[in-house]
Protein chains: 2
Amino acid sequence: MSRRDDSKIETRELILVAAQSMFWEKGADRCTIRDIAVEAGVSPATIIVHFKNKTALLEASLHEDIEKAFSKAQATMPVEDGLHAVLVHMVSSMFSFYDRNRELYRILIRDTFYEPDHENPTMMKMLEEKLQLIAIMIEQEKSKGTVRNDAESSLAASSFFFLYIGVLGDLLRDPELSVTAATGRFSVILDQHLTGILTLGAGS
Amino acid sequence: MSRRDDSKIETRELILVAAQSMFWEKGADRCTIRDIAVEAGVSPATIIVHFKNKTALLEASLHEDIEKAFSKAQATMPVEDGLHAVLVHMVSSMFSFYDRNRELYRILIRDTFYEPDHENPTMMKMLEEKLQLIAIMIEQEKSKGTVRNDAESSLAASSFFFLYIGVLGDLLRDPELSVTAATGRFSVILDQHLTGILTLGAGS
DNA sequence: TTTTTTTAATAAACACGTTTACTCAGAAAA
DNA sequence: TTTTCTGAGTAAACGTGTTTATTAAAAAAA
């Protein structure tokens, strides 16, 4: 590692630290690249050299903590209590995590989620990874016999994710909605999804 | 109606027509308010006077057609074929509609969906309306006896919507994904949701 | 009719993300 | 060591959404 590379990494870290604290305190929309540049002691253009655009900087600022929160939730999964309990636990944990700064995570998702072909890949990459994990869990439930064998597990994982992101959206948009209420909402929705809402024998 | 009000409406219409054709042809991101202003023969500031911001203009440009597409789909619902067929029909119709300009509708959703407290209300208002409709349909299925009475229908409607918007997101983000494939994906997901993915007796 | 008030429309300016053209210190080559 | 090359960092400029201050014409009041 040359001296030049060292200082490059250092600069990147300087920017990242400044961005993290400023995004967190003022909100992503209310804090400009110029603000962060001043705080980090670099020029605005330098930030773009290191992070391509503001959204990429936001992703870089937040994704590590999200990853950690997920791992922590995963480590405390009530594996004995069945699929429903496990999934509600994961969702509830993440809801609590995002609740610490709803506004900020709302903007992260807004600026990340509907980009095409994953132009800002960090966040979407992470999601796909997690999705894979869920699919594996469902596959394991199949071998336990609790999930029907004909249920395609990657689609079931997608469904789970769509329901999760849906309720999460409600949570991030609506300041009136408590984490508890959102978790309850998700719990019911998941239950409907697992057991079906049709009367027996009415399946399509 | 005074002469001033008349000309105001006329100006608004001028802007709307220009916006519709330019958004459609160049895409929302690649066409500026200044472009539209020139096309409409007004100043950029006038557009903001009439529409508050670019997103509001985009909403106003598109919402009527979306409404029409939905009504058309609703009018051709295969009501005899059961809930699954009806819902897949609605979703399939809307997918085909959005397929005419995926890029444009992707941006509409991106700029609309994660706004807080419904700052740009047009699109979200519409969604809530449609959600209400779905909830009523599910309620009717209950009285027919095809849906379980203990399934909360507003949450069931939300679920449906989350699954729909999830697959729609896939469609709008991924140019490789065909309408047929997306519809198929949704059909399976909906089936899972209606009948449940758990083995019988394994319900929570 | 004359005066006052309202407001649709606008030009100019502003804010902010991003691009461009350039510099100069450090690495590589001679 | 001297020269050449590379690329991290930047100042200045640009593009574009939005705000501000102003105007003038229509409506209301006198």
Side-chain angles (χ1 to χ4, degrees), chain A residues 1-19 22-23 25-62 104 107-108 110-112 114-115 119-120 122, chain B residues 1-19 22-23 25-62 104 107-108 110-112 114-115 119-120 122:
Chain A
M1 186 79 72
S2 65
R3 196 178 337 167
R4 191 145 70 172
D5 288 345
D6 278 346
S7 99
K8 186 177 179 183
I9 289 173
E10 202 176 295
T11 303
R12 194 192 141 94
E13 201 55 34
L14 236 44
I15 294 168
L16 216 41
V17 168
M22 296 209 67
F23 278 147
E25 281 156 29
K26 300 179 58 177
D29 279 351
R30 266 173 308 290
C31 120
T32 70
I33 288 192
R34 283 170 176 81
D35 290 339
I36 296 169
V38 169
E39 181 83 2
V42 299
S43 95
T46 304
I47 292 183
I48 300 294
V49 167
H50 280 264
F51 292 97
K52 176 186 163 203
N53 59 36
K54 193 181 176 183
T55 299
L57 177 59
L58 185 62
E59 281 190 322
S61 301
L62 297 178
L104 187 58
I107 284 163
L108 175 70
R110 183 194 68 191
D111 294 346
T112 290
Y114 279 97
E115 283 316 298
E119 197 164 314
N120 284 83
T122 319
Chain B
M1 187 78 74
S2 66
R3 190 174 348 159
R4 192 145 69 175
D5 289 345
D6 278 347
S7 99
K8 186 178 179 183
I9 290 172
E10 202 176 295
T11 303
R12 192 191 143 93
E13 201 57 32
L14 235 46
I15 295 168
L16 216 43
V17 167
M22 296 208 68
F23 279 147
E25 281 155 30
K26 300 179 57 176
D29 279 351
R30 265 172 310 289
C31 118
T32 71
I33 287 194
R34 282 170 177 79
D35 290 339
I36 296 169
V38 169
E39 181 84 1
V42 299
S43 96
T46 304
I47 292 182
I48 299 293
V49 166
H50 281 263
F51 290 97
K52 173 185 165 210
N53 58 36
K54 194 180 176 184
T55 299
L57 177 60
L58 184 64
E59 281 190 322
S61 301
L62 297 178
L104 187 57
I107 285 164
L108 175 69
R110 183 193 68 189
D111 294 348
T112 289
Y114 279 97
E115 283 315 300
E119 198 162 314
N120 284 81
T122 320

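Chain letters run A, B, ... following the sequence lines, proteins first, then strands; residues in each count from 1. Just so you know, these numbers come straight off a predicted model, no measurement behind them.
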A.B. asks: Does S7(A) put a side-chain nitrogen or oxygen below 4.0 Å from OP1 or OP2 of dA8(D)?
C.D. replies: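 No.
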A.B. asks: Not counting sequence neighbours, which residues clear salt bridge (Lys or Arg N to Asp or Glu O under 4.0 Å) with E25(A)? List them please.
C.D. replies: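 Not a single residue meets the salt bridge (Lys or Arg N to Asp or Glu O under 4.0 Å) criterion with E25(A).
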A.B. asks: CD1 of I9(A) versus P of dG9(D): gap in Å, rounded?
C.D. replies: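 After rounding, the reported distance stands at 11 Å.
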A.B. asks: Determine the sole option in I36(A), I107(A), D35(A) for which the side-chain contact (heavy atoms from CB on, under 4.5 Å) test with F23(A) is passed.
C.D. replies: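 For F23(A), the side-chain contact (heavy atoms from CB on, under 4.5 Å) test succeeds with only one of I36(A), I107(A), D35(A), which is I36(A).
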A.B. asks: So, does S43(A) get its side chain near the phosphate of dG9(D), meaning an N or O under 4.0 Å from OP1 or OP2?
C.D. replies: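 No.
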A.B. asks: I'd like to check the side chain to side chain donor-acceptor pair (under 3.5 Å) partners of E39(B); sequence neighbours left out, ordered by chain and number.
C.D. replies: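 Testing E39(B) for side chain to side chain donor-acceptor pair (under 3.5 Å), a comparison that skips the adjacent residues, returns none.
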A.B. asks: Just the rounded figure in Å: distance from C1' of dT16(D) to CD1 of I36(B).
C.D. replies: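 Going from I36(B) (CD1) to dT16(D) (C1'), I get 12 Å.
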A.B. asks: How many whole angstroms separate atom CD1 of I107(B) from atom P of dT16(D)?
C.D. replies: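 Rounding to the nearest Å, CD1 of I107(B) and P of dT16(D) are 14 Å apart.
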A.B. asks: For residues I47(B) and I33(B), report the shortest heavy-atom separation together with the two atoms involved.
C.D. replies: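 Reported closest heavy-atom pair: CD1-O, 3.6 Å.
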A.B. asks: Could you check if a side-chain atom of F51(A) sits within less than 4.5 angstrom of a side-chain atom of R12(A), using non-hydrogen atoms only?
C.D. replies: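 Answer yes - side chains close enough.
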A.B. asks: Rounded to whole angstroms, how far apart are CD1 on I33(A) and P on dA13(D)?
C.D. replies: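 I33(A) atom CD1 is separated from dA13(D) atom P by 20 Å.
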A.B. asks: Contact class for T32(A) vs. all strands (heavy atom < 4.0 Å): base, sugar-phosphate, or nothing?
C.D. replies: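 Sugar-phosphate contact only.
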A.B. asks: For the pair made of CD1 in I47(B) and P in dT19(D), what is the distance, rounded to whole Å?
C.D. replies: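 So the CD1-P distance, I47(B) to dT19(D), works out to 14 Å.
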A.B. asks: Between D29(B) and K54(B), does any side-chain N to carboxylate O distance fall below 4.0 Å?
C.D. replies: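 Salt bridge: no.
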A.B. asks: What's the shortest heavy-atom distance between L58(A) and L108(A), and which atoms?
C.D. replies: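 What the structure gives for the nearest pair is CD2-CA, 3.8 Å.
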A.B. asks: Enumerate the residues from residues 48-57 of chain B whose closest heavy atom to DNA chain D is under 4.0 Å, giving them by residue number; use none for an empty result.
C.D. replies: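 Within residues 48-57 of chain B, the residues near DNA chain D are I48(B), N53(B), K54(B).
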A.B. asks: Got a sec, which residues hit side-chain contact (heavy atoms from CB on, under 4.5 Å) with K8(B), two or more places apart in sequence or on another chain?
C.D. replies: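 Partners of K8(B) under the side-chain contact (heavy atoms from CB on, under 4.5 Å) test: H50(B).
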A.B. asks: Return whichever of R12(B) or A45(A) has its heavy-atom-nearest nucleotide of DNA chain C closer to the 5' end.
C.D. replies: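 First, find each residue's nearest nucleotide; the 5'-ward one identifies R12(B).
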A.B. asks: Hey, where on DNA chain C does chain B first and last touch, going 5' to 3'? Cut-off is any atom under 4.0 Å from a heavy atom.
C.D. replies: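 The footprint of chain B covers dT6(C) to dA13(C).
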A.B. asks: Could you pull out all residues at least two apart from R34(A) that satisfy side-chain contact (heavy atoms from CB on, under 4.5 Å)?
C.D. replies: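 Partners of R34(A) by the side-chain contact (heavy atoms from CB on, under 4.5 Å) criterion, ordered by chain and then number, come out as T32(A), P44(A).
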